[in-house]
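Read through the structure below, which is laid out as C-alpha cells, and then see the notes.
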Amino acid sequence: MIARAFTGDDLLAFARLSGDRNPLHVDPAAARRTMAGEQTMHGVLGVLWALDVALSAGQTLSLTRVATTFRRPVLAGEVMHCPAVMATAGATTQLSVLAEERPRFDVTATWAPAHALGVLPDSAPPVDCRELTIDQLVGRSGETPLYFDRDALARLVPHVAAGLPASQLAFLLASTRVIGMECPGLHSLYVGFDLRFEGESYAPVVSWRAMAVNQKHGRVQVELRCGGMTGTLTAFVRPPPVVQASLAELAHLVRPGELAGARVFVVGGSRGLGEISAKIVAAAGGEVVVTFHQGEEDAQRVVAEIASAGGSARAIRLDVVQPDTLAALGDWTPTTLLYFASPRIDFGRAGAFSPPLFRRLAAYYVDGFAAVRTALHARSATPLRVLYASSEAITSTEPGAEYAAAKAAGEVVAAQLARAFGDTLHAPRFPRLRTDQTANVLSMPAAEPAPVVLDALRAVTSSR
Amino acid sequence: MTELEDRIRKLVTDVVGPHAANHPRSAPFSQLAGWESLNLVNLMIALEDELGVGFTPEQAGELVSIEAIARVVTSMGAK
C-alpha cells in the first residue's frame with residue numbers, strides 16, 4: 001500500500017490550480033460548520049493521487065474512462081492508503097482508497113496509449129462560489145474555460161501531471177470547479193463522477209448542465225461536455241450551517257431576571273447548544289463569558305447579539321485540549337460552568353471499536369472537561385453549578401461505541417470532580433438536537449434545542 | 001426471500017457494490033463494508049424510483065435491512 005496525506009497548504013494549492021475554492025476545502029473555520037466538520041480534501045485531488053500511484057513507473061498514457069464513487073470525506077492531513085497498481089494501455093485498474101481503515105473512494109480507470117500531452121492556458125479568472133438551493137439547480141447550466149497549470153499540478157501529483165494529456169486533466173479539474181463553485185456550489189457534496197474520453201478532441205470551454213435534480217433528497221446529476229470528453233457528475237446539496245434561535249426569540253422562553261446574578265462560563269459557546277445557552281442566560285439577566293477555539297467570528301457574533309440587547313457577554317479563546325490557566329478570565333469568577341466543547345463527532349464502524357477515535361473524542365469530553373474544571377478550582381475553590389452535556393447515545397443501539405464511551409467517561413469524571421469540589425452537577429443525556437453536528441443529507445429528525453437546553457439550565461441553576 | 005426482497009437486494013448491490021449481493025436479508029446495512037449514510041440516501045432514491053414510493057424522514061430511520069425495507073414498503077401498499 002502507498003500512503004499519502006494532503007495538508008491544508010496542499011489543498012490551497014489545489015484550490016488555486018483547479019479553481020475550486022469552496023470554503024469546505026480552504027477555510028478551516030467555515031469547514032468546521034459543514035457536515036464534514038473539518039477542512040476536507042477535494043475528492044478529485046484524491047482521485048488524481050490514485051491515478052498518480054498507477055503511473056508511478058513514469059508511464060505516459062491516456063484515459064478512455066475514469067469513474068469514482070466518493071464514500072466518505074478525507075480530511076486535510078488524513079493519511080490515505082492506496083494499493084500499488086500499475087497502469088498499462090488497454091487495461092482497467094480498480095482501486096479502493098482507505099483512510100483509518102475505512103473506504104473513502106473507489107476509482108475505476110481504463111487506460112489507452114498516450115496521445116499528445118498538449119498545452120492549455122494555465123489559468124482563468126476565478127469564479128464566485130454560488131450559494132444555491134436544490135430548487136435553484138433545476139435547469140441550471142453554464143460554461144467554464146478549460147485550463148491547466150501542469151507545473152502547479154506536478155508539485156502535488158507529479159506522475160499524473162507528466163503522464164496524462166493536458167485536456168483530460170483539465171477536464172477532471174473542471175468537474176470539481178463546476179460542482180464546488182457553480183452547481184451546486186457552496187453547499188455541494190460531490191459524491192461521484194463518470195468521465196469518458198473519445199479521441200483527442202476538446203474545446204476551449206466545458207459546457208455543463210444540471211440534468212436530473214431530485215428536489216426531495218437534494219441530489220443533482222450534472223452533464224459535462226467538452227469536445228470528445230463527456231461526463232456525468234453526481235452531487236448533493238448538503239444542509240447549510242444551522243442557524244440557531246435568536247436572543248429575541250429565546251427571551252420569550254425565560255422570565256426577566258430569572259438568572260440575575262449568575263455568572264456563567266460557557267465552554268464551546270460559538271455555536272449550537274453553547275450559543276443557545278449563552279443567549280438564554282443573557283436574556284434571563286445573567287453575565288456570560290463564552291469560549292471559542294476556531295470559531296472566533298461566530299463567538300463574537302453571539303457576543304454582539306447579546307450586547308445589542310443590553311446583555312453582558314464577552315468571548316475568550318480556549319482550546320480545551322491544551323493546558324490553560326484561564327488567565328483570560330481576569331478577575332471574573334463564574335458561578336456556573338456549562339460545558340459544551342466538542343470535536344468533530346464521528347461514529348466508528350458497526351461491530352468495531354476504534355481506540356484512536358475514542359481518544360480523540362475523550363480528549364474533549366473527559367480530559368478537556370477535567371482540565372477546565374480543575375483550572376477554575378485553582379482560581380477559586382468556591383463550588384460551582386456545573387452542566388455537563390452528555391448524550392442519549394450512551395444507551396443507544398446505534399453504531400458509535402467510541403462516542404458513547406467518551407460521553408459516559410465524561411459523566412463519571414464530572415461526577416467525581418463534583419464530589420471533590422462540592423459542585424452541584426447536572427449531566428443530562430441530550431437527545432439528538434438540531435445543530436451543525438447532526439445536520440446531514442438524510443434529514444433525520446432532530447429536536448429543537450432551545451426548550452431542551454432551557455430545561456437543563458433551569459435544572460442546574462435551581463437545584464440544591 | 002420474496003420477489004420484493006430480490007428487487008431490494010439488487011438495488012442495494014447497485015448502490016453499495018457487488019459485495020452486498022450476499023448480505024443476509026435481516027442483517028443491518030451498517031455491517032456492510034464501506035456503508036455510509038450517503039448509501040442510505042442513494043438507496044432511498046433508487047427505491048423510490050424503482051418502486052414508486054415516497055419515504056418520510058421517519059421511515060428513513062427504519063430502512064436498516066433488506067427485510068426492514070420490505071416491511072416498510074409493504075405497509076405503504078407498494079408492490
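The chains referred to below are lettered A, B, ... by the order of the sequence lines, with proteins before strands, and numbering in each begins at 1. Treat the numbers as computed from the prediction; the structure is a model and nothing was measured.
- Of the charged side-chain nitrogens involved, none lies within less than 4.0 Å of a carboxylate oxygen, so that K10(B) and D6(B) do not count as a salt-bridged pair.
- With chain A as partner, the option from G61(B), S30(B), A60(B), P28(B) having the largest number of non-hydrogen pairs under 4.5 angstrom is S30(B).
- At a heavy-atom separation below 4.5 angstrom, chain B is approached by V441(A) within residues 430-441 of chain A.
- Distance alone, capped at 3.5 Å, is enough to place a donor-acceptor pair between the T68(A) side chain and the D106(A) backbone.
- When heavy atoms are compared at a cutoff of 4.5 Å, L98(A) does not approach chain B at all.
- Contacts of residues 30-39 of chain A with chain B at a heavy-atom distance below 4.5 Å are absent; not one residue qualifies.
- For F236(A), the part lying near chain B is the side chain, with the backbone staying farther off; criterion is any non-hydrogen pair under 4.5 Å.
- A side chain to side chain contact (heavy atoms under 4.5 Å, CB included) with V107(A) is found for exactly one of V85(A), T69(A), L51(A), namely L51(A).
- For R102(A), the part lying near chain B is the side chain, with the backbone staying farther off; criterion is any non-hydrogen pair under 4.5 Å.
- When the side-chain contact (heavy atoms from CB on, under 4.5 Å) test is applied to I2(A), the partners found at least two apart in sequence or on another chain are W49(A), V53(A), A84(A).
- For the pair D20(A) and H25(A), the minimum side-chain heavy-atom distance is below 4.5 Å.
- Side-chain contact between Y403(A) and L357(A) is absent, with no heavy-atom pair separated by less than 4.5 Å.
- Between atom CG of residue D14(B) and atom CG of residue L43(B) there is a gap of 10.0 Å, rounded to the nearest 0.5 Å.
- Contact annotation: the side chain of P184(A) never approaches that of L132(A) to less than 4.5 Å [non-hydrogen atoms, C-beta and beyond].
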Could you pull out all donor-acceptor pairs under 3.5 Å where a side-chain atom in residues 212-220 of chain A meets a protein atom, sequence neighbours excluded?
residue	atom	partner	partner atom	Å
N214(A)	OD1	K216(A)	N	3.3
N214(A)	OD1	H217(A)	N	2.9
Q215(A)	NE2	D135(A)	OD1	2.7
K216(A)	NZ	E48(B)	OE2	2.5
K216(A)	NZ	F55(B)	O	2.8
H217(A)	NE2	E48(B)	OE1	2.9
H217(A)	NE2	E48(B)	OE2	3.3
R219(A)	NH1	N42(B)	OD1	3.0

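- Judged by distance alone, with hydrogens and angles left aside, the side-chain atoms of N22(A) form a donor-acceptor pair with the main-chain N or O of G185(A) at under 3.5 Å.
- Between the CZ atom of R344(A) and the CG atom of L361(A) there is a distance of 8.5 Å, given to the nearest 0.5 Å.
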